Structure formats: C-alpha cells, structure tokens
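Presented below is the structure to which this report refers.
These figures come from a predicted structure and were not determined experimentally. To find a chain, count down the sequence lines: A is the first, B the second, and so on, and within it residues start at 1.
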2 protein chains.
Amino acid sequence: MRKSIATVCLSGTLTEKLTAASRAGFDGVEIFENDLLASPLAPEEIAARTADLGLGIDLYQPMRDIEAVPEEIFARNLRRARHKFQLMRRLGADTVLVCSSIAPQAVDDDALAAEQLSRLADLAQEFGIRVAYEALAWGRHVSTYGHAWRIVEAADHPALGTCLDSFHILSRASGPEDLKGIADIPGDKIFFLQLADAPLMAMDVLQWSRHYRCFPGQGGFDVAGLLRHVLNAGYDGPLSLEVFNDVFRQADAGRTALDGLRSLLALEENAGVSPLPAPVIPSGVAFAELATSDPEPVGELLTALGFTRTARHHGKPVDLWAQGGARVLVNTGAAGRRTDTTLAAVGLETADPAASARRAEALLAPALPKRRAAQDVPLESIAAPDGTEVLFCATSRPELPSWTDDFTYTAENGPGDAMVIDHLALTQPWHHFDESVLFHRTVLGLSPHETVELADPYGLFRSRALSASSDGPRLVLNLAPAPEEGGEIRARHVAFAVGDIVAAVRRFRTAGAGLLPVPANYYDDLEARFEFAEGELETYRELGILYDRDERGGEFRHCYTETVGHVFFEFVQRSGGYSGFGAANAPIRLAAQRR
Amino acid sequence: MRKSIATVCLSGTLTEKLTAASRAGFDGVEIFENDLLASPLAPEEIAARTADLGLGIDLYQPMRDIEAVPEEIFARNLRRARHKFQLMRRLGADTVLVCSSIAPQAVDDDALAAEQLSRLADLAQEFGIRVAYEALAWGRHVSTYGHAWRIVEAADHPALGTCLDSFHILSRASGPEDLKGIADIPGDKIFFLQLADAPLMAMDVLQWSRHYRCFPGQGGFDVAGLLRHVLNAGYDGPLSLEVFNDVFRQADAGRTALDGLRSLLALEENAGVSPLPAPVIPSGVAFAELATSDPEPVGELLTALGFTRTARHHGKPVDLWAQGGARVLVNTGAAGRRTDTTLAAVGLETADPAASARRAEALLAPALPKRRAAQDVPLESIAAPDGTEVLFCATSRPELPSWTDDFTYTAENGPGDAMVIDHLALTQPWHHFDESVLFHRTVLGLSPHETVELADPYGLFRSRALSASSDGPRLVLNLAPAPEEGGEIRARHVAFAVGDIVAAVRRFRTAGAGLLPVPANYYDDLEARFEFAEGELETYRELGILYDRDERGGEFRHCYTETVGHVFFEFVQRSGGYSGFGAANAPIRLAAQRR
C-alpha cells in the first residue's frame, strides 16, 4: 500500500523533512501547516521540491474549529478556508484534514455540523479538494469516529469523507468491539487513515497524544487489528504516520523516517496485507566481539576469568577467546586510532543466514560493507540502530560455511563449567530506544519483555530485554538518562551463564580477576528479605555475589567484573526458571560502578 | 522550624547527598533505604558522617507491605522489621516510615491492620523507635490520610503515629474541605511531615508521584495551606522534603539542596510561620548588560538600531548605550579571553536596593563579590540560578546613590520613540527551570504567568514569563530541549518597547540594521486568520513585522534582529492591553533563526 508520513513526525526544516521522507522510501507526505508557514519556500516551490523527491502531498493538515458554530463565526471560518484552499491549489494538495471542533463557541448540534461541513465541502469542491473530517479524542462535542461518521453520512456530500486516526480511536476504545463500527463506513468515504501507536498510560488524552505517540509497534495499541478493520471496510488510500513525540522532535529526521517506514512494513505484515521474508529466530549467541586499540587489559581480564586465547583470524588482527561454549572476539583492526575497549559486534546463530539477511534487508536494516577478503568465509552482517554490527552465523554446521573456518587454532579451550553467553546488555544512545526495540523485534524476531526503570545515582534509566526463547539469545537494551553536556556513554556488558557461580568466583579470585565490590549493607538487607540455608549468605557476602529470587522461587546469582574501557562482564547462574536479569540489584551495581 | 530533606531528592552517592544537604543548611535528612544499601559505609560510619556534618537522621524510609496480611506473612514481615530496627539502632535513627500496603496479599480489614501495626510498634519500642504510618495515594486498601489515622487511633500505641505527606494528600484532595480532617489528629500523633508539590496533571497518581514531584512552590498544590492545617493540629516536628523527580536525579546535588531549602523558607513565609524581609518588587529594568570580547559587531547593530554610545564607566571597560529610556551596557572586561557576546547581567530598579539585597540573602541567593573600586557607587548584586548577575539599582533618585554616577557622559541620547526595555528572555540551562522560576518569584517578588510550550524545528521548549505588574519588569525564562551531545545554548534576547514599530523598523532598515526575515507564507496565514485595515498587512509583509491579537482585541506587533554572538534584540509594540509575548509566532522566529 501507499505509505506516507506527516512532516510533524520529523525534526528540522520542511526541506530536511521532505528529504528524509524521500530517502527512507515513503511515497507521500502530509504537510503540517506550521511547517509550511515557517518555510521560506513558496507553495509552488514546495510542490516542485516534493515532486522532485518523488513524493506526493497526500494531505494538508490541520484545519480546526470549523463546524457547528453560529453563522457569523462560520462565515469567518469559510473565509479562512478559502485562503487555505487557494494555498492547497498552489501546493497541489487535494485532501484537507478537518479536526472536530474544540472551540468554546461550538454547539452540540449534529445537524448544524453536517450542514456547515457540507457548505465547506461545496467550497472545497470548487477547488477540486476533498475534506476529511476527523474526531479528535478530546473534541468538544465530537470525539469518536462513529460520531464523526454519522455527521459525514448526514451531510452526504461527495467532497466530504472521514479521516480515521488510530490514536484517536484506540486511546478511547475500551475493547475490540469498539472497532466494529468501522465496518459500517463505506471504504470510499474513508478519505484518509492516520496511524500512530502509544504506550498504554493513564493520563490526560491530549497530553498523551501530544508528547507520547510513537510509531505502530512501538506502543501498546493493536494498530494492526485496527488496520484490518479499515481494510475490510474497503479503504485503499495511504497508510500515513502521524506522530507527535518529544523525542522524535529532537532526533535525526533521516533515522526517524527509516524507523517509521520499518514500522509500516512490519504493520502490513502483521495485518496480513503484504508478507515479508519470514523471520529466522536466532538460536544462540555465536560470539561477542570487542574492538580495542589495546588488547592487553581485556586480555588479562579474560585470562583471569578462565578464557583461553584459542585462535587467530587468518587475515585480520582478531583473536578468538573461548571458554566452554562462550566465545569472545577481540578485534584490534582499528588500532591505528586510539579506541577504548567497546562491545562492537554480536554474532547470532541462525538456521539460515541468507534468509536472516533477506528479512533484515526487507526491513531496511543497513547491510554493512563486506570487510572480508576473498578467501574469507562469507558472512552476512547488518548494523543495528545503535551501530552494533549483527552477524548471522552458522557455527560448525556441516552443510553451511562457518566463520570459525577463518581462524587458525593455536590452543584448546577448557570446559569452563559449560559456560555460554547468557545475554548482552547494550546501552542505547538517547533518542533511539523505541527504534532499537522495534528493530530487534521485527528484524531479528526477538520478543520484548516489560520495560523496567532502574535508579542510577545520577538518573533513572529504562531497560528492556528481548529474547528468542527461554534458552535462546537474550539482549538487554538500556537507555541512560538524558545526556549531560559532555556526559559519558554508559558501559555495555557481556553476561556468561555458569553452572556453579560460587566455584567460578572462587577461581576468578584465585586468578586475580578484578570483581566489582558489593557493599556489606546489601547483604544485611538480603538477610532481612530472604531466608537462606546455613552459610549460604556468608558465601555470597565473602565472594561479592548478588542474589535475587522471583515469586515462584526461581533464583538468580550473579556478579560483575571491573570495567575495561567501556566493557565489563557479568557471570550468572539461573535456577528454578528465573527469567529476569536481577533488576532489583541494578542500583547496587550502578552505584558501585560510579565509585 | 527544623528542616530536613530525603536523600532520594538528591543525586549522587550517599556521601555526596549528605554533604549537599549540610552545605545548603538543612538540619536533618531522611535516609532512603536504597541509598544506604548502595553505600560502602557501615551504618555507624554513616551516623558519624551525618553528625560531623551537623545533620540529624530524622527518618529512615520506607518500610513497605507490612500490615493487614495473614499471620504467616506477618511473621516474616516482623522478622524483616527486626533486621531494620537493628540497622536503625546502628544508624541512630529513631523514626521509621511505614507506607500503607500495596501487596496483593493485604486484606481490607482495619482491625487487623491496627492489631499488626500495634505489634510492629511493640517491637519498635524495644529498640526505642517510633513508627510513622502513611497512606500512599495508591495504597491497596488505605489511601487517604484520614483512613491511616483511624487505624493508628484504633491501635492506640505510644510508638505508633501517622506521617502526613503533602503529595499523597493533595493529589487526592478535591478541595480545601478535604483537609479539615487534619484538625482531628492530635499534633503529637503526627510523627512526621513530608512535603512535596507537583504540577497539576491528569495522570496515573503513581507515575505522577514517581516522576513529577517538585519542591513546594514549584507546582500547583496549595502546600502552604496544608502546612497551616498541620501546624494548627499542633505538629512541631521537621518540615521534610521528599521529592522524586527525573530532573533532580540528574541535577547537581548542591544546587538541588539549596533550591529545596529556599522552597521551605518561602513556604514558611507563605504559611505565616516565620517572616522573611519583605520583597521589594522591582519597578523597571535599569539596564541590560552584555559581555563580549569584541564590542564592534554589537556596537554596529546598536548604532543601526538608533542607540547612541553615551557614556563610559570611569574605571572599567563598560560603555553605556542608550535610546529614550532604554539602556544597554557593553562590558569588555573579560576581553582577555575570547567570549562571544552574551546577555550577562540585568539591572532592576528597586525602591530600596539594600532591602532587596536583604531579602535575596535571606532566600539564599548567592551575593556576588563586589567587583567595584573604592570610588564606585555601591551596588548590590546577586547571581540568579542561571548565572545571570542581577543588580539592584536606584537610577537617578536624589536620595540614593545611582550607578549612573560612575559613568562619564560623552554624548546625548535621542528620544528613540520613548523606547524602554519591555522584557528580557533568558534561556535556562537544562535542570534549572523550576529552580529559576522559584528564585525569581520569591527573591524578586515577580509573578509567574502560565507555562507555554513552543515548537522549535529541533525540539519542544518550555517558556514561562514572570512580571512585576502590567508595566513593570518582565522576564521570560526559556527552557531549551534536552541538550544534544555538543548541543548549542540557545541565544538570549533583550526586547525594547516602542510606540510605533512601523516607523522604527523603517528607520532600522534605512540605517542598515540586520533584521530577521519572515517567510511570505506567514503573511498568507495572517490574512486567513485576521482582517486588517487597508494596506496594514502589506506593511507588515514589507517590513517583516510579526503580528498577534488576543481574545479581547489586544494587539502585539514585533520584529527581531539578527543574532550577534548569543544575543539578539526584539522590538515590540503593545496595544489594547496585550500582555503576552507573541507565543504563536515563536515557531516562525525559531525556524528563521535556525536557517
């Protein structure tokens, strides 16, 4: 289907917004009036620019406070409308959005509203323009789509139809039955469809709408369900994004546009409109890749943690460190310039790397330039929104090439207590949290958990995990507080699962690994909160192991290393079906890291 | 009265929080449990540190989900409480906050709640501890202060009292009559009083509380009215701030503590508890002072705008530019280092500069070091939270020394269309908006207007004006969106009122002043929105004058200059009682400045 985006979704000048929409691949735009007013371009120049960029102007918006007013006011409104219709002619836009009135002068009189909207449509028709009447959720007298449709139906004018908006409808819907009335609207009288999602919040609907809307799939509304209703009614116009969001206003327009188009592609798939290559859900983490210009500090730490440098890439300065089934690559390829150690890439195991890459491409994930030599094993890779490289791996499968074949083995790795990578925690840059969640959910087929808020000594941050299954790869996306001027980027980490964390920590201590100290007060609190077996708490206290227990008795024991550059490691032992990440202990960890 | 602050109000480690509270001048603190758990200091060390800093530990908080549960659970809760009471002994804290339960296991049984709280108080008494029971606004069964008090009254235990919290009470109060029940509580059974304000918002009360609380006087609650009720009941314990706020979590703890103590001082004045030196409301703006290392560009602009360099300070590199009653100082005192032009200071006219300074000092405004030589006229000055220097001036009053006596006059200034300074717009640093509003309201006695939100191409920002009277000095505080990394500081400006802006702009254009261009589309929209006299709109369009009209027909015509360094100028013509600042035109101005 045709895909559009309202300019109000994007930051910058009108020209920047149009360019971003075009580059992302949209077919059209809604021109938000204030964007036009603030532009130095004449309407004809905007029309030409839009056409050059391959975009249609699918809607001009909004016109407000038109209908159901005393005749004297309506005459002024018609005068205002005539000016706007003249402008739309110059712009080449043929549909205008009229929002239900919020004016104190408006009266509760559907017949008057229908009569005046019909006269507005008469005037619009002279200019070849169609009027799409929409119920604002906070409209003074008309606040539901059904009510707006009854007025449009009563007016019965060929140039008057309705505009449906998923936010206005779903923010007021108490259940799916509230959407059934959409079927009563003839498809050709639905002149436009605006799409937005929002997190489920109990707050004033106007504030909710103005500040918290997000792209479909990023909030809590069933936008796909609504779309199915609208399509069943026979609508075949554009799917158009209209999102007001404090974060989008500040974010880079090009990225926001791409994020928006990805959300529409996933929405179409979800609503059964047009399929995408099926997701190939990752079955494990093949490796975590660290980049650094100085491999010594992290190498020392890995050694003390029981890892062995087992292999070296045959053509590049990349070492493979392993322990049990856990692998860490240390890449000094960028050693020319000084870089602190970062968690730069992750290899995910997939049953079909080529199919994974096809889905990623269909969902607009940027494929990364192949940095591999002719003799290297082919390896598909994409960039996640945070810049992390994601590589699709088929490790040691006989029927497929394996990235491990590019490595020359120099040592055996020990069993390492059957160690594997449990999860990766990726700090997200400001502005890109919802984009990242949508990306990982749609491109990689991971399922998001609930968002949790964690207290750091210098701010709150949001954390959201995604996982393939209870055993599959888990990613934790962390959003740090709004950046201070000159603020630091919080470190990322790799968490390894072990079978016996007490034994593991004893080995680490013997080998001199630097572990994060845990305050004694924490253990006094554990003692108050839980009952432990004889000596158990004393062991945790001695070794600096953190502890959590869920409501069903599942247990989580974990500890952290010191930070090297921008990376640290965690070791976890899960039992009894514990599926979280020890959020209750995060403030303790964050405070210790701040010292 | 004794003044305390909860550590959760302040950012940083526990040590940083205690230090900030002490330096600001608080008498005591509430220790928030998580701050203690994350601290490497033992409770005895915290006790010693607190005592060294001259602070008492007035409350340990919170204990949750204690009461009205099956006996088996209550036994575990008592076990937990015993651990906490032991900890409080080590800490030297003698009052604990118990919040009404939100646990799903809690039952709606006041008699059981009273019986179990009484047993908790028995245990507390063994440790010399008092239990202060508080109704959370979102408590499962107990959510009003009256209900909490009935349970405390029924328990009738000397170690059990109630804690009143202004947020929990006022967020649920529908009017002043809901506070009358406070009079029924004996003062000695009110064990503690927590104070917070909040902006009036229609949203889930838990989210409202967790993210949006602010200090008394910074929100929309009548905290002073509540305080009067509590004092009338006979309470004489601490006034203690407890604020959860996403911004405070990131702000500098020292500044937040000072802001909090200022809010309590103003609250005491407001509630009639203890008076402060009376405010001396400024009667005008004596001057705006620009600092720059290169006075040429701004001098050229001022000249083209009709200003004359009329005088020079006898001892410092400060020029006085004047036109009519408008004065601008250009200070090149910091010329040693390269500084772009900034709006650094403002002189306010006051009937009694010494009294203004006394009030400022009583409200913790930092007095600035006197930078004046022995022969200079004495001039009191303080620093506003944003670093702007505020000078208290008595210009050309026979009975008082005038700062103008320090200047040597070299030229006459023209009448300049009776020009005066209309307002100053001061961009505020992130984190300090509410602090700035409270400062200007309490220290200077200005009255805040409503907050408005303005759309910039790269974000929303908040703007709030304060004024002394309809004619008196007006300040506009602007809060830019959260800083990007490396984000710019938005420019500040000085607005001059003129009697005939059309004539003024024609003079500026003739003299070659650089004025901000206004898009043609803006005038097309004005034509659609308003009816104008013949030729009026064409004049505005020709000259780049912006226009606004309020609901009562008051009119506002204004224009902006180009920006020099971080400063620009505005010229305004008000008529018909227009009291705003042309907020509707702000997006047009901001977009033009972004180009």
Please determine, among Arg76(A), Arg589(A), Arg210(A), Glu453(A), the option with the most heavy-atom pairs under 4.5 Å with chain B. Glu453(A)
Give a yes or no answer on whether the side chain of Arg249(B) reaches the backbone of Pro457(A) with a donor-acceptor pair at less than 3.5 Å. no
Of all heavy-atom pairs linking Gly459(A) and Gln250(B), the shortest is CA-CG, 4.0 Å
For the atom pair OH (Tyr522(A)) and CG (Asn34(B)), what is the distance rounded to the nearest 0.5 Å? 11.5 Å
Rounded distance [0.5 Å steps], CZ in Phe248(B) versus CG in Leu460(A): 13.5 Å
Under a 4.5 Å cutoff for heavy-atom pairs, which residue among Gly12(B), Ala591(B), Ser11(B), Ala42(B) has the most contacts with chain A? Gly12(B)
Is it the case that the side chain of Asp204(B) and the backbone of Ala202(A) share a donor-acceptor pair, with hydrogens and angles ignored and the cut-off at 3.5 Å? no
Among the options Lys84(B), Arg80(B), Glu527(B), Arg529(B), pick out the one with the most heavy-atom pairs lying under 4.5 Å from chain A. Glu527(B)
Could you look at Glu33(A) and say if it's the side chain, the backbone, both or neither that has a heavy atom under 4.5 Å from chain B? side chain
Does Asn521(B) reach the main-chain N or O of Ala38(A) with its side chain, forming a donor-acceptor pair under 3.5 Å? no
Measuring heavy-atom distances to chain A, does Lys17(B) have an atom under 4.5 Å in its side chain, in its backbone, in both, or in neither? neither
Residue Asp525(A) versus chain B: region with a heavy atom under 4.5 Å: both
Could you tell me which non-hydrogen atom of Pro519(B) sits nearest to which non-hydrogen atom of Ser39(A), and how far apart they are? CB-O, 3.2 Å
So what's closer than 4.5 Å to chain B heavy atoms on Glu531(A): side chain, backbone, both or neither? both
Strictly distance-based, threshold 3.5 Å: is any side-chain N or O of Arg79(A) a donor or acceptor partner for the main-chain N or O of Ala528(B)? yes
If one checks every heavy atom of Pro43(A) against chain B at 4.5 Å, the contacting part turns out to be both
Select one option (side chain, backbone, both, neither) describing which atoms of Gln86(B) are under 4.5 Å from chain A's heavy atoms. neither
Step through the shown structure and confirm whether more than 12 heavy atoms of other residues, nucleotides or ligands are within 6.0 Å of CZ on Arg49(A). no
Which region of Leu41(B), side chain (C-beta onward) or backbone (N, CA, C, O), has a non-hydrogen atom less than 4.5 Å from a non-hydrogen atom of chain A, or is it both or neither? backbone
For Phe530(B), which atoms come within 4.5 Å of any heavy atom of chain A: side chain, backbone, both, or neither? backbone
Report the distance from atom CD of Gln207(B) to atom CE of Met201(A), rounding to the nearest 0.5 Å. 6.5 Å
